[in-house]
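One structure is given here, and the rest of the page talks about it.
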Amino acid sequence: MEISNLPGKSCCLWLLFNLLTVITWLDSFAAAETHYHEFVIQTTPTTRVCRTVNIITVNGQLPGPTVEARNGDSLAIRVVNAAKYNVTIHWHGLRMLRNPWADGPGYVTQCPIQPGASYTYRFTIINQEGTLFWHAHVGFLRATLYGAIIIYPRLGSHYPFPMPRREFPILLAEWFDRDPVSLLRMTQFTGAPPNVSIAYTINGQPGDFYRCSSQDTVRVPVEAGETILLRIINSALEQELFFSVANHRMTVVGTDATYTKPFTTRVIMIGPGQTYDVLLTADQIPGRYYMAARAYETAQNAPFDNTTPTAILEYKSVGCGNNNGQLSRPLLAALPAFNDTSTATAFTNGIRGLSQNTVFTNVDVNLNFVVGLGLINCTNPNSPRCQGPNGTRFTASVNNVSLVLPRTSSLMQAYYQGIPGVFTTDFPPVPPLQFNYTGNVPRGLWTPSRGTKLYKLKYGSRVQIVFQDTSIVTTEDHPLHLHGYDFFVVGSGFGNFNPATDPANFNLVDPPQRNTIGNPPGGWVAIRFVADNPGIWFMHCHKDSHLFWGFAMAFLVENGVGPSQTVIPPPADLPPC
Ligand SMILES: *[C@@H]1O[C@H](CO)[C@@H](O)[C@H](O)[C@H]1NC(C)=O
Ligand SMILES: *[C@@H]1O[C@H](CO)[C@@H](O)[C@H](O)[C@H]1NC(C)=O
Ligand SMILES: *[C@@H]1O[C@H](CO)[C@@H](O)[C@H](O)[C@H]1NC(C)=O
Ligand SMILES: *[C@@H]1O[C@H](CO)[C@@H](O)[C@H](O)[C@H]1NC(C)=O
Ligand SMILES: *[C@@H]1O[C@H](CO)[C@@H](O)[C@H](O)[C@H]1NC(C)=O
Ligand SMILES: *[C@@H]1O[C@H](CO)[C@@H](O)[C@H](O)[C@H]1NC(C)=O
Ligand SMILES: *[C@@H]1O[C@H](CO)[C@@H](O)[C@H](O)[C@H]1NC(C)=O
Ligand SMILES: [Cu+2]
């Protein structure tokens, strides 16, 4: 069903909503609802920057439909695959408590929905509020299969900040000159990174600075003086992005569907898989101002898309009779240089959780994951299949294991049904070899092993992971994403993590709670979470090429005691392989 009385839609509806809220609250029947959606996966010829590409869409839309709900609501989303490719949908950041069947990563928690088939994702939102997004989780399909998830507070409950007058999702993404399936095929064949995008998009549109794009530039209307909420999502396959709005400050109030302490900034750095909720007050001279993004690229000598997508923040008074500013070009936001790691780091470190986020101090399971890229030597370096550096193929790993996904079953189905031979549970808790990770790493250490290894966690264990980047091939910011959990980001730094001295500086008081965090390039990041969600949960780099090269592992969180700590049975329509 459609939600028509959610806050922020319009002023009148908002008043009505408040009235309804009071009545409902008085009646004390703040019942949660179930929302039904149908997602038809189809091939849709779509034109951007003068290039028509047969992309895969949900219901013909780019971005796909926004899913709106309140905290506590349930969703039933029937995905009908009318395209000719295997598809799954991941509800990125939703915890899916005891319900890995609805999580979506292909061959991890489900087999794909094959052409002509359908699957209904059923889940309940439990204690999460803010902005998330959904995206395909097979191959590179999420390049075009993505959309916003907006979770409003329960009826009768409020944001921990003043109610904004309006709100807008801002979905940042890439546009490639080919469809994602052939992009993946090329990557698979050449062993080199995928060709970079030819444009970035904001809500599906590249904006004024690209060929054939001006007319469709996204406009965000505001009244002078009002405060609006922007729900910013990086749904790009590969690229971290800076984002700013000319002349305006933004106040971050949430990230990855958890609230944060208000943090005011002129620029945001957002990695693939992350979201930021920001308040923006239209406190400038009425006019038109560009919202703009730009690459933040940390890999050395890596090609990247250096173009600038824009949308226009447009004061309404400018459009109504007063043409002052209407004809002139909007002001362009200042954006940091592509390699401005200090701005990116200062921003990320500025994000603090609300103080009730106090973190446990005793860790039961201490994990140290060394992450990054690698190279595979070719017997014939001149082969067209070896277009990586000096005739090699790229690979990537966690603790020197490059993940190989199964094909005949998902990991979760194999676990639940006790199918042997699909995975082992000997994923190494620490790197098999200690070396100077960010120093000059001997070439003999650059090629990882391959395997399908899970790490088993007891229900309720208190887990710490320190992720350590390496300088193998290049140091790089890797957006690390954990399914099924929000984690506390308790510390980060450059160089090698020092277990003797660094933990003393951990923030256990107000760390942000997130589902995706980048390690600083050539550095480390430490996270903590309680393993209170049984099932198999994927952990991977949210750059899709890195994921494809094996930069992933999965946790097997065992059931606890009783039904409230046990994975629910799989739905009858769970796709078979
Ligand atoms: C990828 O990029 C390379 C180098 O810029 C170019 O030569 C090649 O044609 C591109 N390949 C495709 C398939 O677009
Ligand atoms: C960023 O790149 C430019 C060249 O494009 C270089 O001059 C500058 O030193 C680099 N800055 C940092 C901080 O690496
Ligand atoms: C490729 O070979 C050149 C020349 O031998 C060398 O300088 C460079 O470091 C090599 N690059 C990699 C990634 O192995
Ligand atoms: C690691 O290598 C870097 C770069 O060569 C060097 O600066 C650092 O001192 C090394 N660290 C250790 C612990 O050897
Ligand atoms: C790959 O080749 C490089 C140089 O060509 C060599 O130093 C390295 O030991 C080789 N790696 C493996 C795993 O054979
Ligand atoms: C990773 O494993 C491979 C294969 O066993 C080995 O050759 C390589 O040295 C290991 N590298 C590291 C960093 O442990
Ligand atoms: C689609 O998924 C099925 C089941 O895993 C598999 O057999 C088939 O090869 C897949 N098709 C493609 C094109 O990957
Ligand atoms: Cu990565």
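Positions are given from 1 along the sequence. Because the structure is predicted, anything quoted here is derived from the model rather than measured. Every number for a ligand or one of its atoms is a count from 1 in the order of the listing.
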At a 4.0 angstrom heavy-atom cut-off, ligand 4 is contacted by N436, G439
Without hydrogens or angle criteria, can the side chains of D477 and N519 be said to hold a donor-acceptor pair below 3.5 Å? no
Among the N/O/S atoms of H478, which is closest to the Cu ion (ligand 8)? Give the atom name. ND1
Working note: T310 + F209, criterion side chain to side chain contact (heavy atoms under 4.5 Å, CB included); need CA distance, chi angles, decisive distance, verdict. CA-CA 7 Å; T310 51; F209 296 173; 4.0 Å; yes
Out of all atoms in ligand 2, which are within 4.0 Å of some heavy atom of F338? Include the element for each. 2 (O), 5 (O)
Mind reading off the angle at the Cu ion (ligand 8) between the ND1 atom of H546 and the SG atom of C541, rounded to 10°? 130°
Would you say the side chains of E297 and Q239 form a donor-acceptor pair under 3.5 Å? yes
Do the side-chain N and O atoms of Q110 and Y121 include a donor-acceptor pair separated by under 3.5 angstrom? yes
My understanding is that only one of H478, R142, H481 makes a side-chain hydrogen bond (donor to acceptor under 3.5 Å, both in side chains) with H542; could you say which? R142
With side chains defined as the heavy atoms from C-beta onward, is the minimum distance between S449 and S402 less than 4.5 Å? no
Look only at the side chain of R393 and the backbone of R385, and say whether a donor-acceptor pair between them is shorter than 3.5 Å. yes
